[in-house]
Amino acid sequence: MKKALIIGSSCLLLAACGSQTADKKEESNSKELKQVTLMLDWTPNTNHTGIYVAEAKGYFKKHGLDVTIKTPGDVTADQLVAAGKAQFGISSQEILTQERTEGVPVKSIGAIIQHNTSGFMSLADKNIKSPKDYEGKTYGGFGAPIEEPFINAIMKKERADSKNVKIVNIGDTDFFTASKKNIDFAWVFYGWTGIEAETRGEKVNMQYLIDYDKNLDYYTPLFIANEKYIKSDSKTVRAFMQSVKEGYEYAIKEPKKSADILIKEAPELKDKRELVEQSQQYLKDKYQADASSWGMQDAAVWKNFGEFMKKNKVITKDFNPEQAYTNKFVEE
């Protein structure tokens, strides 16, 4: 009986030790992961799919990262990244170009989509079929300094006068709601709002920016990081970008599965399954497009758009395109 008690006690002791060892090992592994924060530019959507795939498929963990994904509130991703309060963020070339000329230490580290898929959309019954038709109409914007120059630039192509366009701020009001109330057209991404129109059976007209001015084929959205952080911890920056690169490569190959992952990781989208799936199908060929690999950026794109911004007086100071971005964290 004594022998049995000793053996039993030993087994319990070994089991307890084994459990403690496992707990310590798990705790140790958790501590080894580098904790970083990513601030999105908007609420979760298919522009962000690669991020959520990287989280769900364990790509972040594989590269030694524990990533907290946050959606913006009163403070933008650019502001948090510039202040060092978030390691990574999502922004766009038009915002970053302005920031660079104002001395904000933010840099682009990867393009999410290769070509600009945005433009001015209107419901078909507004009968707006070209920029010339903007005359006498009301544009619903969100207060960005680039909006009026964009409208002016493409209207000039049709010898139309942008002074005849009324501009009102609709903030984050839904395009369809605003269009049926007080606006005629708005600036949207076709990959989301355009696809949503399709799923709703709404007939729309769209004028893509790149169809009217090649300089408007810029990177939107893109990943950003603080210049100081890039220099001080390039290892973590590389780990992050390689993780999301794997995520977007998966989204390119598996759009349906990626849409499922996005909905699971961002449950607020569960009632928009059809939109998410169709948007994912649309974007799968847009993420990398004609680039050598996902995330790559072209110097000419930065130069051309910078010149457009300067010519249209959105920026007044000199802009150095070569210092605004880097490919070293996504190139093969």
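Judged by distance alone, the side chain of Asp41 and the main-chain N or O of Ser91 form no donor-acceptor pair under 3.5 Å. Under a 3.5 Å cut-off, the side chain of Asn312 and the backbone N or O of Val314 do not form any donor-acceptor pair. Under a 3.5 Å cut-off, the side chain of Glu147 and the backbone N or O of Phe142 do form a donor-acceptor pair. A donor-acceptor pair is defined here as one N or O able to donate and one able to accept, closer than 3.5 Å; such a pair exists between the side chain of Lys126 and the backbone of Ile183. Between the side chain of Glu254 and the backbone N or O of Lys257 there is no donor-acceptor pair closer than 3.5 Å. The closest donor-acceptor contact from the side chain of Asn152 to the backbone of Glu148 lies at 3.5 Å or more, if one exists at all. Formation of a donor-acceptor pair under 3.5 Å by the Gln114 side chain with backbone atoms of Met296 is found in this model. Asn304 places no side-chain N or O within 3.5 Å of a backbone atom of Val301 that could act as its donor or acceptor partner. At distances below 3.5 Å, at least one donor-acceptor pair connects side-chain atoms of Arg100 with backbone N or O atoms of Gln323. A donor-acceptor pair is defined here as one N or O able to donate and one able to accept, closer than 3.5 Å; no such pair exists between the side chain of Asp217 and the backbone of Ile210.
With His63 as the partner, the side-chain hydrogen bond (donor to acceptor under 3.5 Å, both in side chains) test is satisfied by one option alone out of Glu246, Gln242, Lys235, Arg238: Glu246.
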Acceptor/donor pairs from residues 194-203 side chains to any protein atom, 3.5 angstrom cut, sequence neighbours excluded:
{"unit_1": "Glu198", "atom_1": "OE2", "unit_2": "Tyr190", "atom_2": "OH", "d": "2.5"}
{"unit_1": "Thr199", "atom_1": "OG1", "unit_2": "Glu196", "atom_2": "O", "d": "2.7"}
{"unit_1": "Glu202", "atom_1": "OE2", "unit_2": "Lys180", "atom_2": "NZ", "d": "2.8"}

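Under 4.0 Å is where a charged nitrogen must lie from a carboxylate oxygen, and between Glu307 and Lys303 at least one such pair does. Salt bridge Lys34/Asp233: present, at least one basic N to carboxylate O contact under 4.0 Å. Between Asp260 and Arg273 there is a salt bridge, since at least one side-chain N of the basic residue sits less than 4.0 Å from a carboxylate O of the acidic one.
Between Tyr139 and Phe120, the ring centre distance stays below 6.0 Å. Phe185 and Phe175 have their aromatic ring centers separated by at least 6.0 angstrom.
Both tests pass for Lys286 against the ring of Tyr282: distance under 6.0 Å to the centre and angle within 45° of the axis.
In terms of heavy atoms, Tyr219 sits closest to Ile113 at CD2-O, 3.8 Å. Listed here is the closest heavy atom pair of Ile151 and Tyr134: CG2-CD1, 4.3 Å. Among all heavy-atom pairs drawn from Gln207 and Pro131, the shortest one is CG-CD, 4.0 Å.
A donor-acceptor contact under 3.5 angstrom links the side chains of Ser118 and Trp187, judged on distance only. Between the side chains of Gln280 and Thr49, a donor-acceptor pair is found at a separation under 3.5 Å. Gln98 and Glu94 share no donor-acceptor pair across their side chains, judged by distance under 3.5 Å alone.
Atom NE2 of His115 sits about 14.0 Å away from atom CG of Leu216, to the nearest 0.5 Å. The structure places CD1 of Ile263 at 11.0 Å from CD of Glu268, a figure rounded to the nearest 0.5 Å. Expressed to the nearest 0.5 Å, how far OG1 of Thr101 lies from CG of Leu96 amounts to 10.0 Å. Atom-to-atom distance recorded for Glu331:CD and Ser292:OG is 8.5 Å, nearest 0.5 angstrom.
Connectivity analysis of hydrophobic side chains (ILVMFWY, heavy atoms under 4.5 Å, direct or indirect) links Tyr250 to Val53, Tyr59, Ile261.
Annotation: side chain of Asn47 is not in contact with side chain of Trp192 (no heavy-atom distance under 4.5 Å). Proximity of Gln93 to Thr220: side-chain heavy atoms (C-beta onward) are nowhere separated by under 4.5 Å. A heavy-atom distance below 4.5 Å is not found between the side chains of Val81 and Tyr229.
The aromatic rings of Phe223 and Trp294 sit perpendicular to each other, their planes meeting at more than 60°, with 30° as the lower class boundary.
Under the ring-ring contact (aromatic ring centres under 6.0 Å, His included) criterion, Tyr287 pairs with Tyr248, not counting sequence neighbours.
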